Peer 1: 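First the structure, which I've put down as structure tokens, then a few questions once you've had a look.
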Amino acid sequence: MGYGDSGTVRSGRGNRGAGRSGQGTRRAGPLAALLALVRAWVAGCVTLALVLYFRDLYLQEPLVDQTELGSLAWRMLVLYLPTAAACALVTLVAARLHPEPFRNSPVQHLLAAMTVPLGAFAVNFTYLWEDAVAEGILFASLAVAVGCFAAVVVDVSIDRRDQGPQ
């Protein structure tokens, strides 16, 4: 039990029980904002781990290890297109799980959505920096940027569709 501004006793539950649909207003303090970011990041990390596992299992091992990646078209198809798709999926999952009162802040929402793919990209290049070539840096950066951009566009489109005509 806590005390409100007017000295009246109120329960410490907030509006969690406001309606059966769960559409009550959520708390919007700094701790709630941080927990919303962490929730989106954890969802993005889990999605990234699953995507990387399946990519390595079904794409990387059978195609890359047994063939030479000589042509640019083949490298685009095997390496960079799946990277863009994976970044789009990770960004979209993190963006969709970022809760409503914090989605209205573009900075918080983009931070929640794009931290995991951009962080994974930075860690990957830090780890593989000595073996990196200009083409790999350019096309991998482009794939991550295209994937993140596509996911943000889809997320905004879903939000606009859910809001209806205005």
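Each residue takes its place number in the sequence, starting with 1. The structure presented is a predicted model; accordingly, all values stated were derived computationally and were not measured.
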Peer 1: I'd like to know if Val90 and Trp41 are part of one continuous hydrophobic network [Ile/Leu/Val/Met/Phe/Trp/Tyr, side-chain heavy atoms within less than 4.5 Å].
Peer 2: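 Same cluster.
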
Peer 1: Test of understanding: clusters of I, L, V, M, F, W, Y form through side-chain heavy atoms closer than 4.5 Å, transitively. Do Val46 and Leu89 belong to the same one?
Peer 2: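 No, no single cluster joins them.
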
Peer 1: Find out if a path of hydrophobic residues (ILVMFWY) with successive side-chain heavy-atom gaps under 4.5 Å connects Val123 to Tyr80.
Peer 2: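 Shared cluster, no.
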
Peer 1: If Ile, Leu, Val, Met, Phe, Trp and Tyr residues are connected whenever their side-chain heavy atoms lie under 4.5 Å apart, and connections chain through other members, are Trp129 and Phe139 in the same group?
Peer 2: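 Different clusters.
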
Peer 1: Rounded to the nearest 0.5 Å, what's the gap from CZ on Phe149 to CG on Leu142? Could you check?
Peer 2: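 Going from CZ on Phe149 over to CG on Leu142, the span is 12.0 Å.
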
Peer 1: How far does CG of Leu118 sit from CG of Leu111, to the nearest 0.5 angstrom?
Peer 2: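 Here the interatomic distance stands at 10.0 Å.
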
Peer 1: Which pair of heavy atoms, one from Pro106 and one from Asn104, lies closest together, and at what distance?
Peer 2: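 Looks like CD-O, 3.2 Å.
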
Peer 1: With sequence neighbours excluded, what pairs up with Arg96 under the side-chain hydrogen bond (donor to acceptor under 3.5 Å, both in side chains) test?
Peer 2: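 Once residues adjacent in sequence are excluded, the partners of Arg96 under the side-chain hydrogen bond (donor to acceptor under 3.5 Å, both in side chains) criterion are Asp155, Asp159.
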
Peer 1: Look up atom SG in Cys148 and atom CG in Leu110, then write down how far apart they are to the nearest 0.5 Å.
Peer 2: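 Between atom SG of Cys148 and atom CG of Leu110 there are 10.0 Å.
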
Peer 1: So, taking the atom named CG in Leu50 and the one named CZ in Arg55, what distance separates them when rounded to the nearest 0.5 Å?
Peer 2: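 One finds 13.0 Å between CG of Leu50 and CZ of Arg55.
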
Peer 1: In a check of side chain to side chain contact (heavy atoms under 4.5 Å, CB included) between Cys87 and each of Val144, Leu48, Val146, which one passes?
Peer 2: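 Of all the options given, the one that passes is Val144.
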
Peer 1: Could you grab the distance from atom OG1 of Thr83 to atom CZ of Phe121, nearest 0.5 Å is fine?
Peer 2: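 Taking OG1 in Thr83 and CZ in Phe121, the distance rounds to 9.5 Å.
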
Peer 1: Answer whether the closest heavy-atom distance between the side chains of Ile137 and Val133 falls below 4.5 Å.
Peer 2: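 Result no, sub-4.5 Å side-chain heavy-atom pair not found.
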
Peer 1: Please report the shortest heavy-atom distance between Gln108 and Leu37, naming the atom on each side.
Peer 2: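 The answer is O-CD2, 3.7 Å.
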
Peer 1: Write down the atom of Ala132, the atom of Phe125, and the distance for their closest heavy-atom approach.
Peer 2: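 Reported closest heavy-atom pair: CB-CE2, 4.1 Å.
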
Peer 1: Look at the side-chain heavy atoms of Ile, Leu, Val, Met, Phe, Trp and Tyr, link any pair under 4.5 Å apart, and say whether Val154 and Val93 land in one connected group.
Peer 2: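 Different clusters.
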
Peer 1: Looking only at heavy atoms, what is the nearest atom pair of Ala151 and Ala88, with distance?
Peer 2: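 So the minimum-distance heavy-atom pair works out to CB-O, 3.2 Å.
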
Peer 1: Can you tell me how far NE2 of His98 sits from CZ of Arg103, rounded to the nearest 0.5 angstrom?
Peer 2: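 So the gap between those two atoms works out to 8.0 Å.
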
